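Scroll down for the structure; my scribbles are underneath it.
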Amino acid sequence: MNKLDYDFFNRDILLVAEDLIGKTLVFKNTKYIVSELGIYRGEEDTACHASKGLTNRTKILYDEAGTIYVYLCYGIHNMFNIVTGNKGQPQAILIRGLNNIYGPGKITKKLGIDRSLNGKTVFSKDLYFEDNKKTYNFHRNKRIGINYANEIDRNRLWNFKIEEKDLNYG
DNA sequence: TCAATGATTTTG
DNA sequence: AAAATCATTGAT
């Protein structure tokens, strides 16, 4: 019905991110509002894992739109990303907030998402996104945790966030 | 402000 | 083969 399809994700990541913030993630029949996300856009983005080119780890970013990219950060936290854009164009959206839970590692811990989902897609029965026909007010902030990137990329407003007070479920 | 904790990447 | 680097979090 309102399931977000391949064409939705097969666009430039900035367009996808604008539309994905505030949409619903359906994971194992439970619904969550996407309340915060981060954008990592191509080899030119020094904050993006693909800035070092194609490696065994980053090759997943070059895959089809809608592919899931999960990697382990700091040996503890699984990071849940969705690949966007044309195949061969390494872009991914990091899901940083669901409902009032903010923090990419907290989300995957709560939902039980780990690297076994790496390479799967967001077009499955257990995991997909849908349009809830609602609009939310959100803010554009600097990305978090990317001090290793150059100044231009550090200053990009590629973190989108819906404040908790602006969330309404129902 | 700092330790936990391990896959990935580089040779610091 | 060894060291450094992390898209973080929760506890001091």
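Order of the sequence lines sets the chain letters (A, B, ...), proteins ahead of strands, with each chain counted from 1. Keep in mind that the numbers below use all heavy atoms, side chains included, and drop hydrogens, waters and symmetry copies. Note that the coordinates shown come from a computational prediction; the quantities given were computed from them, not determined experimentally.
Across all strands shown, C:dA7 forms no Watson-Crick or G-U wobble pair with both distances under 3.5 Å. The partner of B:dT11 is C:dA1, judged by Watson-Crick or G-U wobble contacts that both fall below 3.5 Å. Pair check for B:dT5 finds none; no Watson-Crick or G-U wobble contact set falls under 3.5 Å.
Counting only distance, with no hydrogens or angles, the side chain of A:R154 and the backbone of A:A149 share a donor-acceptor pair below 3.5 Å.
A distance of about 15 Å separates the C1' atoms of B:dT8 and B:dG12, rounded to the whole Å. As rounded to the nearest Å, B:dT5 and C:dA2 have P atoms that lie 22 Å from one another.
Cation-pi check for A:K3 over A:Y128 is met; the charged atom lies under 6.0 angstrom from the ring centroid and within 45 degrees of its normal. Judged by a 6.0 Å distance limit and a 45° cone about the ring axis, A:R11 is positioned over the six-membered ring of A:F8.
By the 4.5 Å heavy-atom criterion applied to side chains, A:L167 and A:S35 are counted as neighbours. Within the 4.5 Å cutoff, no side-chain heavy atoms of A:E163 are placed close to those of A:Y102.
Both geometric conditions, a ring-centre gap below 5.5 Å and a plane tilt below 30°, are not fulfilled together for A:Y74 over the base of B:dG6.
In this entry the distance linking OH of A:Y69 with C1' of B:dA7 reads 11 Å, nearest Å. Counting to the nearest Å, the C1' atom of B:dT9 and the CG atom of A:N56 are 11 Å from each other. A:I39 places its CD1 atom 13 Å from the C1' atom of C:dA7, with the value rounded to the nearest Å. Rounded to an integer number of Å, the gap from CD1 of A:I144 to P of C:dT8 is 7 Å. Here C:dA7 presents its C1' atom at 14 Å from CD1 of A:I82, a figure rounded to the nearest Å. Rounding to whole angstrom units, CG of residue A:N81 and P of C:dT8 are separated by 11 Å. With rounding to whole Å, A:Y148 atom OH is found 12 Å from C:dT8 atom C1'. Separating the OH atom of A:Y71 from the C1' atom of C:dC6 is a distance of 8 Å, rounded to the nearest angstrom.
Distances from the side chain of A:T58 to the nucleotides B:dT5, B:dA7, B:dT9 place B:dT9 closest. Nearest nucleotide to the side chain of A:L72, out of C:dC6, B:dG6, C:dT9: B:dG6. Closest to the side chain of A:T55, out of B:dT9, B:dA7, C:dG10, is B:dT9.
Residue-to-nucleotide contacts include a donor-acceptor pair under 3.5 Å from the side chain of A:H49 to the base of C:dA7.
Between A:F129 and A:F80, the ring-plane angle classifies as parallel under the 30° and 60° cut-offs.
In this structure, A:G103 reaches the sugar-phosphate backbone alone: every heavy-atom distance under 4.0 Å involves primed, P, OP1 or OP2 atoms, never a base. Among the atoms of the strands shown, none is found under 4.0 Å from any heavy atom of A:R143.
A distance of 6.5 Å separates OG1 of A:T24 from NZ of A:K134, quoted to the nearest 0.5 Å.
For the segment residues 84-97 of chain A, residues with any heavy atom less than 4.0 angstrom from an atom of DNA chain C are, sorted by number, A:L94, A:R96.
Open room surrounds NZ on A:K31; 12 or fewer heavy atoms of other groups in view lie less than 6.0 Å from it.
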